[in-house]
Enquirer: 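Mind having a look at this structure? Questions to follow.
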Amino acid sequence: MIKVGLSTISVFPKGVEDGFRLSRDAGYDGVEVMVTTDQRTRSPERLLELADQYEQPIMAIHAPVVLLTTFVWGRDPFVKLDRSAELAVAVGAPTVVVHPPFRWQGKYARTFEDAVRQTERKHGVEVAVENMFPWAAGGIDRQAYLPGIDPSEMDVEHATLDFSHCALAKRDSMQLALDLGDRLRHLHLTDGVAAEEGRVFDEHLIPGHGNEPVADVLQMLAAQQWTGQVIAEIKTRYARNETQRLRLLVETLEFAREHLGQREPAALEGESSSTDRA
């Protein structure tokens with residue numbers, strides 16, 4: 001059965017422990033930990049304690065996103081990638097998700113594909129490169145990423161497909177899944193609406209609330225008996241209280257279960273207990 005996990009960034013601005021707890025409460029199979037400025041996201045001991053406490057295995061580590069974590073693990077991007085892989089091994093996660101470099105990152109950008117392969121060999125994990133979107137100004141694509149925004153065009157063995165990024169890039173997400181073929185190992189379950197010209201807004205909608213063919217991709221992967229991971233990565237920051245946030249997480253999980261052909265109901269129990277605290 002294809003595992004469906006929750007990215008801890010989905011509960012932002014709440015913290016990493018809330019991610020584990022809400023993942024359990026909603027009925028997910030595990031979590032993807034986004035490495036942030038919060039020290040707990042970089043401590044294997046603390047993460048393993050949370051995984052045990054909330055019975056949520058760590059399915060993946062998302063490497064630091066440069067613009068948000070400039071000084072996490074120093075400024076060397078090679079070190080950031082290596083430390084992410086070390087952390088994944090330490091917590092038993094088979095996958096590291098990483099964004100392609102920005103062009104201004106110099107040697108790291110020029111040798112990114114080699115760095116990914118070397119990291120995989122060194123640590124024995126899958127480094128799944130995520131598709132991104134163009135940064136435009138005045139209607140002109142500034143080609144901010146090198147070697148690019150599309151892992152299907154890179155010399156890498158593993159990739160992550162993010163539906164919200166596809167919408168923003170106006171990239172057919174079904175076609176991207178087909179283009180990646182066996183290299184597709186990780187899916188960020190979300191949704192989006194094709195961006196207006198020159199507008200950059202990464203929506204990360206609840207699946208089914210945008211215009212991406214999310215259901216079709218999930219159904220295709222289930223029919224293929226795909227062995228990768230599905231990770232919900234949605235925005236819940238505008239939820240009025242914890243009950244509403246939990247509902248959004250459950251709706252996302254139920255969408256995944258339905259279209260993956262999994263009939264296990266996602267629990268929304270205990271609304272009258274601790275989840276009612278706003």
Enquirer: Quick one: side chain to side chain contact (heavy atoms under 4.5 Å, CB included) partners of Thr70, sequence neighbours excluded?
Expert: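 Partners of Thr70 under the side chain to side chain contact (heavy atoms under 4.5 Å, CB included) test: Arg75.
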Enquirer: Could you tell me the separation between the CG atom of Leu187 and the CD atom of Glu233, rounded to the nearest 0.5 Å?
Expert: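 With rounding to 0.5 Å, CG (Leu187) is 10.5 Å from CD (Glu233).
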Enquirer: Is there a chain of hydrophobic side chains (I, L, V, M, F, W, Y, each step under 4.5 Å between heavy atoms) that links Phe112 to Phe102?
Expert: no
Enquirer: Hey, what do you get for CD1 (Ile58) to CD (Glu32), rounding to the nearest 0.5 Å?
Expert: 11.0 Å
Enquirer: Flag the pair Arg103 / Gln143 as yes when at least one side-chain heavy-atom distance between them is below 4.5 Å, and no otherwise.
Expert: yes
Enquirer: On the 0 to 90° scale, with breaks at 30° and 60°, tag the His99-His62 ring pair as parallel, tilted or perpendicular.
Expert: perpendicular
Enquirer: Side chain to side chain contact (heavy atoms under 4.5 Å, CB included) with Arg171: which residues, sequence neighbours excluded?
Expert: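 Only Asp150, Ser152, Cys166, Ala169, Gln175, Leu176, Asp179 meet the side chain to side chain contact (heavy atoms under 4.5 Å, CB included) criterion with Arg171.
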Enquirer: Please indicate whether Glu55 has more than 12 foreign heavy atoms, meaning atoms of other residues, nucleotides or ligands, lying under 6.0 Å from its CD.
Expert: no
Enquirer: Should Val79 and Val72 be regarded as members of a common hydrophobic cluster, given that ILVMFWY residues are connected when their side-chain heavy atoms come within less than 4.5 Å of each other, either directly or indirectly?
Expert: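 Different clusters.
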Enquirer: Taking all non-hydrogen atoms of both residues, which atom of Val4 and which atom of Ala256 are closest, and how far apart?
Expert: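 That would be CG1-CB, 4.0 Å.
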Enquirer: Considering residues at least two apart in sequence or located in another chain, which fulfil the salt bridge (Lys or Arg N to Asp or Glu O under 4.0 Å) criterion with Arg46?
Expert: Glu17, Glu49
Enquirer: Mark yes when over 12 heavy atoms from residues, nucleotides or ligands other than Lys3 sit less than 6.0 Å from its NZ; otherwise mark no.
Expert: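 Incorrect, the count does not exceed 12.
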Enquirer: Do the side chains of Thr252 and Tyr28 get nearer than 4.5 Å, heavy atoms only?
Expert: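 Of all side-chain heavy-atom pairs linking Thr252 with Tyr28, at least one is under 4.5 Å.
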Enquirer: Does Ser10 reach the main-chain N or O of Ala232 with its side chain, forming a donor-acceptor pair under 3.5 Å?
Expert: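 At least one qualifying donor-acceptor pair exists.
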Enquirer: When you measure from the side chain of Arg42 to the backbone of Val35, do you find a donor-acceptor pair of N or O atoms at a distance under 3.5 Å?
Expert: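 It does not hold such a pair.
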Enquirer: When you measure from the side chain of Arg185 to the backbone N and O of Thr160, does any donor-acceptor pair fall under 3.5 Å?
Expert: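 No; judged by distance alone, with no hydrogens or angles, the pair does not exist.
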Enquirer: Check this for me, if you would: do Asp82 and Lys122 make a salt bridge, where the nitrogen-to-carboxylate-oxygen distance has to be below 4.0 angstrom?
Expert: yes
Enquirer: Mind checking what makes salt bridge (Lys or Arg N to Asp or Glu O under 4.0 Å) contact with Arg117, not counting sequence neighbours?
Expert: Asp114, Asp155
Enquirer: Does the ring centre of His165 sit less than 6.0 Å away from the ring centre of His204?
Expert: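 Between His165 and His204, which both carry aromatic rings, the centre distance is below 6.0 Å.
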Enquirer: Donor-acceptor pairs are to be reported for all side-chain atoms of residues 83-91 against protein atoms at under 3.5 Å, with residues two or more places apart or in another chain.
Expert:
residue, atom, partner, partner atom, Å
Ser84, OG, Lys80, O, 2.8

Enquirer: Enter the distance from Leu6:CG to Leu249:CG here, rounded to the nearest 0.5 Å.
Expert: 5.5 Å
Enquirer: Report the residue from His209, Glu212, Glu203 that forms a side chain to side chain contact (heavy atoms under 4.5 Å, CB included) with Val193.
Expert: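 When side chain to side chain contact (heavy atoms under 4.5 Å, CB included) is applied between Val193 and each of His209, Glu212, Glu203, only Glu203 qualifies.
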Enquirer: Looking at Gln262 and Ile2, would you say the former's side chain and the latter's main chain have a donor-acceptor pair under 3.5 Å?
Expert: yes
Enquirer: Can you tell me how far apart CG (Leu246) and CG (Asn241) are? Round to the nearest 0.5 Å.
Expert: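 Rounded to the nearest 0.5 Å, the CG-CG separation comes out at 10.0 Å.
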Enquirer: So if you build clusters from Ile, Leu, Val, Met, Phe, Trp, Tyr with side-chain heavy-atom gaps below 4.5 Å, do Phe12 and Val65 land together?
Expert: yes
Enquirer: Rounded to the nearest 0.5 Å, what's the gap from OG on Ser7 to NE2 on His188? Could you check?
Expert: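 With rounding to 0.5 Å, OG (Ser7) is 6.0 Å from NE2 (His188).
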Enquirer: Has Asn211 got more than 12 heavy atoms of other residues, nucleotides or ligands less than 6.0 Å from its CG?
Expert: yes
Enquirer: Got a second to check how far Leu218's CG is from Glu258's CD, nearest 0.5 Å?
Expert: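 The distance works out to 10.0 Å.
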Enquirer: In the structure I gave you, are the side-chain heavy atoms of Phe20 and Leu47 within less than 4.5 Å of one another anywhere?
Expert: yes
Enquirer: Take Leu205 and Phe163, measure what side-chain contact (heavy atoms from CB on, under 4.5 Å) needs, and give me the verdict at the end.
Expert: CA-CA 9 Å; Leu205 302 174; Phe163 289 100; over 6 Å; no
Enquirer: Would Leu221 and Leu184 count as a side-chain contact (heavy atoms from CB on, under 4.5 Å) here? Give the steps.
Expert: CA-CA 10 Å; Leu221 294 175; Leu184 177 58; 4.2 Å; yes
Enquirer: For Asp29 and Gly5, indicate whether the former's side chain and the latter's backbone hold a donor-acceptor pair under 3.5 Å.
Expert: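 Not confirmed, Asp29 side chain does not pair with Gly5 backbone.
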Enquirer: Give the cluster check for Tyr145 versus Val116: same hydrophobic cluster or not, with ILVMFWY residues linked at side-chain heavy-atom distances below 4.5 Å.
Expert: no
Enquirer: So, Ser43 side chain and Gln39 main chain: donor-acceptor pair closer than 3.5 Å or not?
Expert: no
Enquirer: Lys14 and Thr236: side-chain contact (heavy atoms from CB on, under 4.5 Å), yes or no, with the steps?
Expert: CA-CA 10 Å; Lys14 289 184 171 291; Thr236 64; over 6 Å; no
Enquirer: Is a side-chain donor or acceptor of Ser23 paired with a backbone partner of Gly30 at a separation under 3.5 angstrom?
Expert: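 Side chain of Ser23 to backbone of Gly30: a pair is present.
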Enquirer: In terms of ring plane angle, is the pair Phe255 and His259 parallel, tilted or perpendicular, where the classes change at 30° and 60°?
Expert: tilted
Enquirer: Consider only side-chain heavy atoms of I, L, V, M, F, W and Y, link residues closer than 4.5 Å, and tell whether Leu180 and Val217 are in one cluster.
Expert: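 As far as the 4.5 Å side-chain criterion goes, Val217 and Leu180 are connected within one cluster.
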Enquirer: Could you list the cluster mates of Ile231? Members are the ILVMFWY residues connected by side-chain heavy atoms closer than 4.5 Å, either directly or through other members.
Expert: Met59
Enquirer: Apply the test side-chain contact (heavy atoms from CB on, under 4.5 Å) to residues Gln229 and Glu126: give CA-CA distance (whole Å), side-chain angles for both, the deciding distance (0.1 Å), then the verdict.
Expert: CA-CA 12 Å; Gln229 301 173 331; Glu126 294 181 351; over 6 Å; no
Enquirer: Checking the side chain of Arg24 only, and the main-chain atoms of Gln56 only, is there a donor and an acceptor separated by less than 3.5 Å?
Expert: no
Enquirer: Using modelled atom types and a 3.5 Å cut-off, is there a donor and acceptor pairing between side-chain atoms of Thr8 and backbone atoms of Met34?
Expert: yes
